[in-house]
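Taking it in order: structure first as structure tokens, then the write-up.
When reading the values below, keep in mind they use all heavy atoms of this one structure, side chains included, and skip hydrogens, waters and symmetry mates. Every chain is numbered from 1 and lettered A, B, ... according to where its sequence line falls, protein lines coming before strand lines.
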There are 2 protein chains.
Amino acid sequence: MAQKNLLKYILLGLITEKPKTGYDLKKEFDTEIGEFWSVKHSQIYLELKRLEKEGEITSDTGFFGNKVEKTYYAITALGKKHLDEWKYSYDTALAVNKDEFVLKLYFIKDRHDERLPSLLKEQLDMRQEKLSHLEGRRTLLFSTPQDIEKQYGHYLILDHAIRRESEYVTWLKEAIDSLKGNEK
Amino acid sequence: MAQKNLLKYILLGLITEKPKTGYDLKKEFDTEIGEFWSVKHSQIYLELKRLEKEGEITSDTGFFGNKVEKTYYAITALGKKHLDEWKYSYDTALAVNKDEFVLKLYFIKDRHDERLPSLLKEQLDMRQEKLSHLEGRRTLLFSTPQDIEKQYGHYLILDHAIRRESEYVTWLKEAIDSLKGNEK
DNA sequence: CCACGCATGTAACAAGTTACATGATTGA
DNA sequence: TCAATCATGTAACTTGTTACATGCGTGG
């Protein structure tokens with residue numbers, strides 16, 4: 001996805017709350033946001049330098065009570081403006097949901113392929129594990145209506161991730177069932 | 001997604017059935033396969049040249065009864081071997097489902113944001129349209145059990161795409177409903 | 001003292017997009 | 001005749017991955 005540079009807006013969005021280091025930002029991709037975007041730390045540090053050069057963020061390097069030098073990045077007025085423009089922009093087209101597993105299935109034309117059940121089963125295990133993990137997070141983070149109220153966007157995307165994985169699990173289970181007794 | 005080069009396997013998979021031109025391959029991304037991978041024609045032609053150089057495919061250029069010169073690509077034994085290895089390989093990790101719309105929501109912290117309903121509504125319209133289109137294709141392509149039997153992998157991924165979009169639609173509808181009467 | 005996590009970066013490369021470019025055919 | 005579709009490609013660029021690199025702090 002060249003050109004659109006969503007990482008820019010994600011980083012701006014994440015430091016809006018409070019200034020953060022590259023490492024802080026990297027860690028954010030380990031939880032909810034990681035369900036909908038991924039990036040390597042090398043790319044984050046590169047992008048932060050660029051954003052600073054372009055005046056979207058400012059940096060503050062020093063030893064903040066610690067022994068280790070850190071660089072905190074904060075959003076500027078320009079950065080806020082661009083973030084807002086993105087947040088409220090309308091998409092005209094739906095992006096593609098790339099999925100390697102589904103593509104593999106597409107090329108297994110034969111319903112009676114003996115390796116098909118184990119491929120489905122392995123994917124099911126991974127998806128179920130992920131689903132459990134996400135449900136655990138919802139319980140942890142959103143146990144009261146006030147929690148939901150305070151972080152509504154966050155709640156919505158976690159809820160969406162859970163539904164998405166539930167759908168995946170249901171689909172796989174039905175596919176596995178539909179093969180039972182059909183093993184040629 | 002550098003390095004993994006899924007396009008290679010998709011192209012190999014698509015020409016396994018019969019030899020195809022770059023243009024034929026490009027068109028395949030307009031239907032089901034486009035739900036799970038996208039690519040520009042420039043990339044396809046580049047990849048085809050590379051695959052030929054690496055002995056995965058062979059090419060045949062000429063005027064096949066037409067006035068226009070075309071190049072047909074066919075898979076080699078080596079290509080078949082690599083395609084098979086990929087088809088039956090197990091994934092160890094789940095790839096990230098990148099989704100710009102969901103990320104936007106994440107950064108709209110305020111449930112009472114007046115621009116939130118229209119953003120949700122616009123997305124809902126697009127997703128509903130897509131869902132209708134996919135359901136139309138299922139009706140068209142898989143009206144009988146024999147159709148499903150003949151192209152089982154194809155059926156599975158179309159079914160999955162439909163369920164995925166249904167989930168998206170349900171999620172958006174519920175989110176919109178949950179905002180009703182809450183407009184601060 | 002050693003492994004692991006914290007913290008930051010560079011370099012080489014691969015993958016994918018955008019724009020440019022050309023020319024033929026087909027149907028309205 | 002004019003637009004759309006067929007058909008193929010190159011060049012410049014951006015995004016993202018992989019690998020390499022360094023050094024400190026903390027807990028077992």
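Between the CD atom of Q43(B) and the P atom of dA11(D) there is a distance of 15 Å, rounded to whole Å. The distance from atom CD of E47(B) to atom P of dT8(D) is 16 Å, rounded to the nearest whole Å. Nucleotide dT18(C) holds its C1' atom 15 Å from the CG atom of N5(A), rounded to whole Å. Rounding to whole angstrom units, CG of residue L46(A) and P of dT15(D) are separated by 11 Å. As a whole-Å value, the separation of K98(A) NZ from dT17(D) P is 12 Å. Atom CG of L7(B) is separated from atom C1' of dT17(C) by 13 Å (rounded to the nearest Å). Atom NZ of K40(B) is separated from atom P of dG16(C) by 12 Å (rounded to the nearest Å).
For D159(A), the salt bridge (charged side-chain N to carboxylate O under 4.0 Å, His left out) criterion is met by R138(A), R163(A), not counting sequence neighbours. For S89(A), the side-chain hydrogen bond (donor to acceptor under 3.5 Å, both in side chains) test picks out K104(B), with sequence neighbours left out. The salt bridge (charged side-chain N to carboxylate O under 4.0 Å, His left out) search around K27(B) returns none, not counting sequence neighbours. R115(B) is linked by a side-chain contact (heavy atoms from CB on, under 4.5 Å) to D84(A), Y88(A), D113(B), counting only residues two or more places apart in sequence or in another chain. Contacts of E35(B) classified as salt bridge (charged side-chain N to carboxylate O under 4.0 Å, His left out), with partners at least two apart in sequence or in another chain: K130(B), R164(B). With sequence neighbours excluded, the residues satisfying side-chain hydrogen bond (donor to acceptor under 3.5 Å, both in side chains) with Y168(A) are D99(A). Applying the salt bridge (charged side-chain N to carboxylate O under 4.0 Å, His left out) test to K121(A) and every residue at least two apart in sequence or in another chain returns D125(A). For W86(B), the side-chain hydrogen bond (donor to acceptor under 3.5 Å, both in side chains) criterion is met by E100(A), not counting sequence neighbours.
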### Message
Walk along nucleotides 3-9 of chain C from 5' to 3' and tag each nucleotide B, S or - by protein heavy-atom contact under 4.0 Å, base first, then sugar-phosphate.
### Response
---BBBB
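Cation-pi geometry between K109(A) and Y106(A) is met: the NZ or CZ atom falls under 6.0 Å from the ring centre, inside 45° of the normal.
An OP1 or OP2 oxygen of dA15(C) is reached within less than 4.0 angstrom by a side-chain nitrogen or oxygen of R50(B).
Of the residues in residues 8-20 of chain A, not one places a heavy atom less than 4.0 Å from an atom of DNA chain D.
Sorted by first and then second residue, the salt bridge (Lys or Arg N to Asp or Glu O under 4.0 Å) pairs involving residues 42-51 of chain A (not counting sequence neighbours) are E47(A)-R50(A).
Bending across the helix from dC1(C)-dG28(D) to dA28(C)-dT1(D), expressed as the angle between its end axes from five pairs apiece, amounts to 40° (10° rounding).
In this structure, CD in E85(A) is found 14.5 Å from NZ in K80(A), a value given to the nearest 0.5 Å.
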